[in-house]
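These notes concern the structure reproduced below.
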Amino acid sequence: MKILVFGGDGFCGWPTALHLSSQGHNVIIVDNLSRRTIDTELGVQSLTPIANIQDRIEAWQDVSGRSIRFVLLDIAREADRLNELIVGYKPDAVVHFAEQRAAPYSMRGPSEKRYTVDNNVSGTHNLLVALAHHSPDTHLVHLGTMGVYGYSGNGFSIPEGYLDVEVRDDHGQPHSREVLFPTKPGSVYHLTKSLDQLLFQFYAQNDSLKITDLHQGIVWGTQTEETKMDPRLVNRFDYDGEYGTVLNRFLVEAAVGHPLTVHGTGGQTRAFINIRDTVRCIELAINAPPKNGEKVKILNQIAETLTVIDLAKLVADRTGAEITHVPNPRAEAAENELVVSNATFRSLGLDPILLDSDRLEGTIALSKAHSDRVDFAMIPARSTWNAEREMELSESDREAA
Ligand code: NAD
Ligand code: USQ
């Protein structure tokens, strides 16, 4: 297949591009390298020394004999060039990772909030317009997030995207409807994924586009079969307070002797998936497109759910790290139950990697190997969700001083 991977220089996009290429697909990576620019802006670097995109692609050619093309393009701002690319290449599938993906960064301040909405919503819309006008048979696979649901089914398992509801009319007669699961985003970033859902619903209905939206949980791990093949292929690994996600942060914290930073009680339950399963899921999704005219296919891309404190205990048991409870910079439920259906991926053949302490070994080893690159000042999560959280964090800083 001819596949465009938007955001193919990023944490999920790079290993996915390599995996799809290794499966014999013809892959073009499209990225504006904004993630690398944000690292520079924040004064932080990936834990792993990632090669520049040209060296990455050259390394892949060397080890696999396969070529990947790279196109430097901003999908939010260069709609005409995006159209030209779609017209010229006529992809069978496009995978859309190209968004600002960190919740804390999206809550950092007014300009980051505006940037996240402008970048993510415009990028997704530009892509949909390009497909609707120039390539309506292309299958769009988008990375959404569990966060659109708001992390609680209130007693029931979160279904895959849709909810069957019954509404009574003025005469008391029941009417059945299938609706998008009500969104309850917990950050400006998660809000953009909720807005994306509506864009997809409209373009599937109006232009019969074939769209799959993957509501993915928190990704952990770093390396995949392909990224391990050469040091120049190593994947990105974020550990800082803005972009680092919880389990990968805990593993780095353990490696450098920093206490594991549990926000609040750690009673937050979240869904997790290993990066190796991310790339596998994308492949499975590409191979099972909806038909033109069908509703958006929504799949929950997760392996399991755990509380943050259980994750911390898992890492502490394996490494001997201390656990510390820090004031939570986020406005989020202190505790929640979360049960999620991943029935479709299981039916497509996914047998997901589950977390146990042995599974952490590879990422712990990688964290230790690069521990000299860790900047301790970048570890604390500083972006607060609102004035109340800001006050709590400032008070706690004053007490600590
Ligand atoms: P990432 O930031 O590492 O990668 C995103 C890539 O997209 C970057 O290389 C960036 O330069 C590029 N990009 C951003 N805006 C662009 C634009 N306007 N034009 C072209 N390129 C642009 O993020 P990631 O962790 O790889 O996440 C990829 C996708 O998966 C995101 O949409 C994210 O919301 C979703 N996701 C990630 C996780 C996770 O834990 N990492 C979990 C669930 C969902
Ligand atoms: N947390 C801690 N300590 C830390 C970091 C985080 O306790 O040091 C807590 C947070 O308060 C939150 C939970 O861990 O309760 C998850 O935080 P996270 O940073 O790992 O994940 P999140 O901000 O939700 O975002 C990540 C990705 C995002 C993706 C999302 C999937 O950055 O792109 O969409 O996971 S999900 O969470 O399922 O919506």
Side-chain angles (χ1 to χ4, degrees), residues 5-16 29-39 46 53 71-78 82 95-107 115-116 118-120 122-124 126-127 142-151 185-187 189-190 192-193 196 214-220 235-236 238-239 241-250 253 260-273 275 278 282 300-302 305 307-309 311-312 324-326 328-334 336 338 340 379-381 385:
V5 179
F6 292 96
D9 185 49
F11 170 61
C12 298
W14 173 242
T16 301
I29 287 176
V30 183
D31 203 299
N32 66 349
L33 307 182
S34 55
R35 181 66 196 85
R36 292 178 188 251
T37 310
I38 292 175
D39 269 352
S46 160
I53 186 68
V71 177
L72 180 67
L73 192 158
D74 185 327
I75 63 164
R77 294 181 177 181
E78 296 178 281
L82 175 59
V95 190
H96 176 20
F97 294 103
E99 298 187 76
Q100 191 302 100
R101 70 107 178 123
Y105 186 79
S106 78
M107 301 303 284
Y115 165 69
T116 302
D118 293 349
N119 185 63
N120 294 4
S122 291
T124 299
N126 288 343
L127 186 50
H142 172 253
L143 272 290
T145 175
M146 284 301 304
V148 299
Y149 300 123
Y151 312 117
S187 71
Y189 154 70
H190 288 100
T192 64
K193 297 283 181 178
D196 282 348
L214 303 173
H215 287 335
Q216 182 171 241
I218 300 167
V219 182
W220 68 276
N235 198 15
R236 155 179 288 283
D238 300 311
Y239 69 90
E242 301 292 308
Y243 275 87
T245 51
V246 62
L247 178 52
N248 278 1
R249 268 166 71 71
F250 286 173
E253 288 170 346
L260 311 183
T261 50
V262 171
H263 293 167
T265 63
Q268 308 93 316
T269 311
R270 294 291 182 272
F272 293 87
I273 184 165
I275 186 74
T278 294
I282 303 288
N300 293 338
Q301 187 163 313
I302 70 128
T305 61
T307 60
V308 166
I309 189 66
L311 269 187
T324 180
H325 291 265
V326 299
N328 194 344
R330 307 184 185 204
E332 62 183 359
N336 66 293
L338 180 63
V340 183
I379 292 180
W385 258 231

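Each ligand, and each atom within it, is numbered from 1 in the order the structure gives. In this chain, numbering begins with 1 at the start of the sequence shown.
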Report the part of V262 in contact with ligand 2, treating N, CA, C, O as backbone and CB onward as side chain, heavy atoms under 4.0 Å; options are side chain, backbone, both, neither. backbone

Please classify the K193 to ligand 2 contact at 4.0 Å (heavy-atom distances, strictly less than): side chain, backbone, both or neither. neither

With a 4.5 Å cut-off on side-chain heavy atoms, are M107 and R330 touching? no

Assess Y243 for proximity to ligand 2: is some non-hydrogen atom of it under 4.0 Å away? no

Side chain to side chain contact (heavy atoms under 4.5 Å, CB included) partners for L72, two or more places apart: L33, F70

Min side-chain heavy-atom separation N248-I218 under 4.5 Å: no

protein heavy-atom neighbour closest to atom 4 (C) of ligand 2 works out as T261 O, 3.3 Å

Any idea which protein heavy atom is nearest atom 27 (C) of ligand 2, and the distance to it? T245 CG2, 3.8 Å

Between T278 and Q216, do the side chains contain a donor N or O and an acceptor N or O under 3.5 Å apart? yes

Tell me which one of F97, Y189, Y151 gets a heavy atom nearest to atom 34 (O) of ligand 2. Y189

Residue, atom and distance of the protein heavy atom nearest atom 39 (O) of ligand 2 read T145 OG1, 2.7 Å

With the side chain counted from C-beta on, respond yes when L311 and W220 share a heavy-atom pair under 4.5 Å apart, and no when they do not. no

Is the shortest distance from a heavy atom of G217 to ligand 2 less than 4.0 Å? yes

In the protein, what heavy atom is nearest to atom 38 (O) of ligand 2, and what distance, to one decimal place, separates them? M146 CB, 3.1 Å

Is R330 touching ligand 2 with its side chain, its backbone, both, or neither, if touching means heavy atoms under 4.0 Å apart? side chain

Can a donor-acceptor pair be found, under 3.5 Å and without considering hydrogens, that links the side chain of Q268 to the backbone of H263? yes

Are V5 and W14 close enough that some pair of their side-chain heavy atoms sits under 4.5 Å apart? no

Close approach of H190 to ligand 2, heavy atoms, under 4.0 angstrom: yes

Out of V262, T261, L260, which residue meets the side-chain contact (heavy atoms from CB on, under 4.5 Å) rule with H325? V262

A103 heavy atoms, cut-off 4.0 Å: which ligand 2 atoms fall inside? 23 (O)

Within the side chain of W385, is there an N or O that forms a donor-acceptor pair under 3.5 Å with the backbone of G186? yes

Give me the atom names and distance for the closest heavy-atom approach of N126 to R77. ND2-N, 4.3 Å

Numbered atoms and elements of ligand 2 in range of Q216, under 4.0 angstrom, heavy atoms: 31 (C), 38 (O)

Quick one: look up the protein heavy atom nearest atom 20 (O) of ligand 2 and list residue, atom name and how far away it is. V246 N, 2.7 Å

H263 and ligand 2 - part of the residue with a heavy-atom distance under 4.0 Å: both

Kindly indicate whether the side chain of M146, heavy atoms from C-beta on, has any atom under 4.5 Å from the side chain of T305. no

May I ask you to check if ligand 2 and F250 share an N or O to N or O distance below 3.5 Å? no

For the pair H142 and H96, name the ring-plane relationship: parallel under 30°, tilted 30 to 60°, perpendicular over 60°. tilted

Heavy-atom nearest neighbour in the protein, as seen from atom 16 (C) of ligand 2, with distance rounded to 0.1 Å: I218 CD1, 3.5 Å

A271 N/O under 3.5 Å from ligand 2 N/O: no

Quick one, V308 and F250 - any side-chain contact, counting heavy atoms below 4.5 Å? yes

Hey, does Q100 have a side-chain heavy atom less than 4.5 Å from the side chain of S106? yes

Report, in ascending order of atom number, the atoms of ligand 2 lying under 4.0 Å from any heavy atom of Q268. 11 (O), 15 (O)

Closest non-hydrogen atom pair between N120 and T192, with its separation: ND2-OG1, 3.1 Å

If you scan protein heavy atoms around atom 12 (C) of ligand 2, the nearest is E332 OE1, 3.5 Å

Would you find a donor on one side and an acceptor on the other, under 3.5 Å apart, between the side chain of D9 and the backbone of D31? no

In order of chain and number, which residues sit within 4.0 Å of ligand 1 by heavy atom? G7, D9, G10, F11, C12, D31, N32, L33, S34, R35, L73, D74, I75, A76, F97, A98, E99, R101, N119, L143, G144, Y189, K193, Q216, G217, I218, V219, R236

Heavy-atom pairs closer than 4.0 Å: do any link ligand 2 to the side chain of R101, the backbone, both, or neither? both

In terms of the angle between their ring planes, are Y105 and Y243 parallel, tilted or perpendicular, with boundaries placed at 30° and 60°? tilted

Proximal atoms of ligand 2 relative to R249 (non-hydrogen, under 4.0 Å): 4 (C), 5 (C), 8 (O)

